Every structure is written in C-alpha cells, then in structure tokens.
Novice: 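Please read through the structure below; I'll follow up with questions.
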Amino acid sequence: MSQLDFVVAVPARYAASRLPGKPLRLLGGEPLVLHVARRALAAGAREVWLATDDARVAEAVAGEAGVRVAMTSPDHASGTDRLAECAAIAGWDDDTLVVNLQGDEPFAPASGIREVARTLADSGAAMATLAAVVEEAGVLFDPNTVKLVRAANGDALYFSRAPLPWPRDAFARDRSVLPEGGHWLRHIGIYAYRAGFLRAFAAMPPGVLERIESLEQLRVLEAGHRIAVALTPEPFPAGVDTAEDLERAELRLRESRG
C-alpha cells in the first residue's frame with residue numbers, strides 16, 4: 001500500500017452555542033482540542049493545522065510539536081468557510097488532500113482519519129466521508145443522528161435527519177426494532193477533499209436541501225458533485241457537543257487508561 005500524502009485541518013471555534021468555550025473544556029485535565037490534534041498527528045498526516053478564531057484556543061496547542069495554527073476570522077458561518085481560509089494561510093495547492101476533523105472528536109480513530117483520506121484518493125470523487133451501520137431503531141429515528149443512503153458504487157445518494165431508507169412493510173408492523181439486513185447507515189462527520197474543491201465548496205451558495213435539513217454536505221450533492229462514502233474501519237465514538245457528552249468522554253478516557 002502506497003504512502004498516503006494528506007493534511008488534517010481541525011476547525012475549532014471558541015463560542016460553541018451548546019457548550020461555550022468547548023475547545024478549552026478539560027478532558028483528562030487537558031483541553032479538548034489538544035486531544036483532537038493528537039488524534040490527527042497519530043493518523044500520520046503530513047501537516048496538522050488548527051483553524052481557530054481565538055488566541056486562547058491557539059495557546060492550548062502551542063506546546064504540541066507538529067501542530068500549526070491558522071488564526072481565522074470570527075465571522076465564518078461554518079467550519080468549511082474556516083478551513084477555506086486555513087487553506088489560504090497554509091498555502092496548499094489545489095491538489096492537496098485535506099481531511100476536515102471536527103474539533104470535538106477527541107476519540108477519532110487514526111485508522112478512520114486515514115480511511116477517509118484514502119477513500120477520496122481512490123474514488124476520484126469531489127469529497128469523501130465515513131459512515132457506520134445503524135443497529136438500533138432509536139438511532140434511526142433520532143433527528144440528531146444524520147442518516148445516509150449510498151449508491152452501489154459507494155457514492156452518497158442523500159443525507160437526512162429522517163429515518164431512511166424506510167422499510168415500509170416492517171415498520172407498518174413494528175417501529176421499535178430494525179428488520180434484518182443492515183441497510184441503515186449513520187453519517188460520521190469527518191470529510192476529505194482537495195484544497196481546490198474546499199475553496200469551491202465554501203464559495204457555493206447554500207442549497208435548498210441544505211437549508212431544509214441544516215446539513216451542509218447536501219450543498220455538494222445538490223450542486224451535482226460526488227461524495228464517496230466508506231464504512232469506518234473501527235468504531236468512531238460520538239463527539240462532544242454538550243456538558244453531558246463531556247462527562248461521558250471523561251468516563252471513556254478513564255476506562256481507556258485503566
């Protein structure tokens with residue numbers, strides 16, 4: 001297997017609405033964003049960049065060798081916009097393979113980070129992402145869990161907060177359990193794209209479907225571009241969005257350290 005050349009960019013906005021100051025919240029006594037940066041380093045990226053709008057977040061990774069910081073505008077509407085500015089600051093050419101690792105994923109597996117990069121490189125798609133099999137009906141019906149359906153070639157057909165595909169006959173009888181077959185996938189919010197497409201993506205106007213579902217990746221599909229989807233090679237624990245998520249992350253970290 002050839003050596004994969006990619007960079008990782010971590011968008012980390014200080015003023016997270018559901019957990020203010022989230023990048024600096026402590027996990028195992030260290031800032032959350034530092035754990036994420038270390039996951040990116042463990043994946044073997046050529047460069048790891050933190051894209052932030054706050055000097056306090058930049059300071060949190062100042063002592064971590066191999067992590068660079070792009071100070072970006074506080075006015076960006078999305079992480080994609082922030083990464084587009086990071087790409088300009090970093091000076092990446094259009095062909096640079098960029099993995100967008102969310103700043104609240106302290107347990108992102110290195111193998112998953114590499115897999116999304118490899119999927120982009122191998123597929124020729126404009127963008128790549130990961131998914132995992134849904135095993136519980138409650139997950140399928142949770143609007144906070146994004147579901148997706150794929151074409152036979154692995155490309156995304158659609159992303160939605162709604163339960164899809166809908167097993168008509170089985171759910172007519174019982175919606176508390178999933179029928180057999182493993183046809184349901186939940187989206188894992190990690191992306192890969194070439195820097196040139198990242199810039200184009202950020203410049204696209206929001207699409208109708210994106211506005212309806214509040215899912216930015218639908219902008220890409222609605223504009224007619226391909227998004228390749230691979231199954232994550234190992235579990236991708238949920239990110240940290242709330243204080244309760246942070247408590248669960250703390251427990252997971254303690255358990256992993258024995």
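Bear in mind that the values here come from a model prediction, so they are computed numbers and not experimental data.
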Novice: Is any side-chain heavy atom of Tyr191 closer than 4.5 Å to a side-chain heavy atom of Leu198?
Specialist: no
Novice: Please determine, by modelled atom types, if Ser160 and Glu213 share a side-chain donor-acceptor pair under 3.5 angstrom.
Specialist: yes
Novice: Would you mind reporting whether His76 and Asp53 have side-chain heavy atoms less than 4.5 Å apart?
Specialist: no
Novice: Between Glu216 and Thr80, do the side chains contain an N or O donor and an N or O acceptor separated by less than 3.5 Å?
Specialist: yes
Novice: Is the Phe141 ring parallel, tilted or perpendicular to the Phe171 ring (thresholds 30°, 60°)?
Specialist: tilted
Novice: Can you hop from Val139 to Leu231 via hydrophobic side chains spaced under 4.5 Å?
Specialist: no
Novice: Does the side chain to side chain contact (heavy atoms under 4.5 Å, CB included) test come out yes or no for Tyr158 and Leu218, once each step is laid out?
Specialist: CA-CA 7 Å; Tyr158 194 66; Leu218 289 174; 3.6 Å; yes
Novice: Which of these, Asn100, Thr96, Thr129, sits in a side-chain hydrogen bond (donor to acceptor under 3.5 Å, both in side chains) with Tyr193?
Specialist: Asn100
Novice: Distance from Leu221 atom CG to Leu209 atom CG, nearest 0.5 Å?
Specialist: 8.5 Å
Novice: At what distance, to the nearest 0.5 angstrom, does CZ of Arg173 lie from CZ of Arg168?
Specialist: 10.5 Å
Novice: For a side chain to side chain contact (heavy atoms under 4.5 Å, CB included) check, start with the C-alpha distance between Thr52 and Met71, then their side-chain angles and the critical distance, and finish with the verdict.
Specialist: CA-CA 5 Å; Thr52 188; Met71 295 304 301; 3.8 Å; yes
Novice: To the nearest 0.5 Å, tell me how far Asp241 CG sits from Gln102 CD.
Specialist: 10.0 Å
Novice: I'd like to know if the side chain of Ser111 pairs up with that of Glu234 as donor and acceptor (distance under 3.5 Å, no hydrogens or angles considered).
Specialist: yes
Novice: Taking the side chain as everything from C-beta on, heavy atoms only, tell me whether Gln217 gets closer than 4.5 Å to Ile227.
Specialist: yes
Novice: May I ask you to decide if Asp81's main-chain N or O and Ser78's side chain share a donor-acceptor pair within less than 3.5 Å?
Specialist: yes
Novice: How about Arg82 and Thr72: does a side-chain donor come under 3.5 Å of a side-chain acceptor?
Specialist: yes
Novice: When rounded to the nearest 0.5 angstrom, what is the spacing between CZ in Phe107 and CZ in Arg252?
Specialist: 6.0 Å
Novice: So which pairs with a foot in residues 233-258 pass ring pair (Phe, Tyr, Trp, His ring centres under 6.0 Å), sequence neighbours left out?
Specialist: none
Novice: Is it the case that the side chain of Arg219 and the backbone of Phe201 share a donor-acceptor pair, with hydrogens and angles ignored and the cut-off at 3.5 Å?
Specialist: yes
Novice: Give me the atom names and distance for the closest heavy-atom approach of Val240 to Leu19.
Specialist: CG1-CD2, 4.0 Å
Novice: Once rounded to the nearest 0.5 Å, what's the spacing between atom CD of Glu222 and atom CZ of Arg211?
Specialist: 8.0 Å
Novice: By the salt bridge (charged side-chain N to carboxylate O under 4.0 Å, His left out) test, which pairs, at least two apart or in different chains, include something from residues 54-63?
Specialist: Asp54-Arg56
Novice: Minimum heavy-atom separation for Ala9 and Leu83, please, with both atom names.
Specialist: CB-CD2, 3.7 Å
Novice: Can you tell me if Asp245 uses its side chain to pair, donor with acceptor, with the backbone of Thr242 under 3.5 Å?
Specialist: yes
Novice: Check the pair Arg39 / Val8 against side chain to side chain contact (heavy atoms under 4.5 Å, CB included), numbers first and verdict last.
Specialist: CA-CA 10 Å; Arg39 301 315 303 150; Val8 174; over 6 Å; no
Novice: So do the side chains of Leu253 and His35 get within less than 4.5 Å of each other, counting heavy atoms only?
Specialist: yes
Novice: Is there a side-chain contact between Trp184 and Lys147 (heavy atoms, below 4.5 Å)?
Specialist: no
Novice: Step through the shown structure and confirm whether more than 12 heavy atoms of other residues, nucleotides or ligands are within 6.0 Å of CD on Glu136.
Specialist: no
Novice: Could you walk me through whether Met204 and His225 satisfy the side chain to side chain contact (heavy atoms under 4.5 Å, CB included) test, starting with their C-alpha distance in whole Å, then the side-chain angles of each, then the deciding distance to 0.1 Å, before giving a yes or no?
Specialist: CA-CA 12 Å; Met204 293 178 195; His225 300 286; 3.5 Å; yes
Novice: Nearest 0.5 angstrom please: Asp93 CG to Arg194 CZ, how far?
Specialist: 9.5 Å
Novice: May I ask you to test the Glu105-Ile190 pair for a side-chain heavy-atom distance under 4.5 Å?
Specialist: no
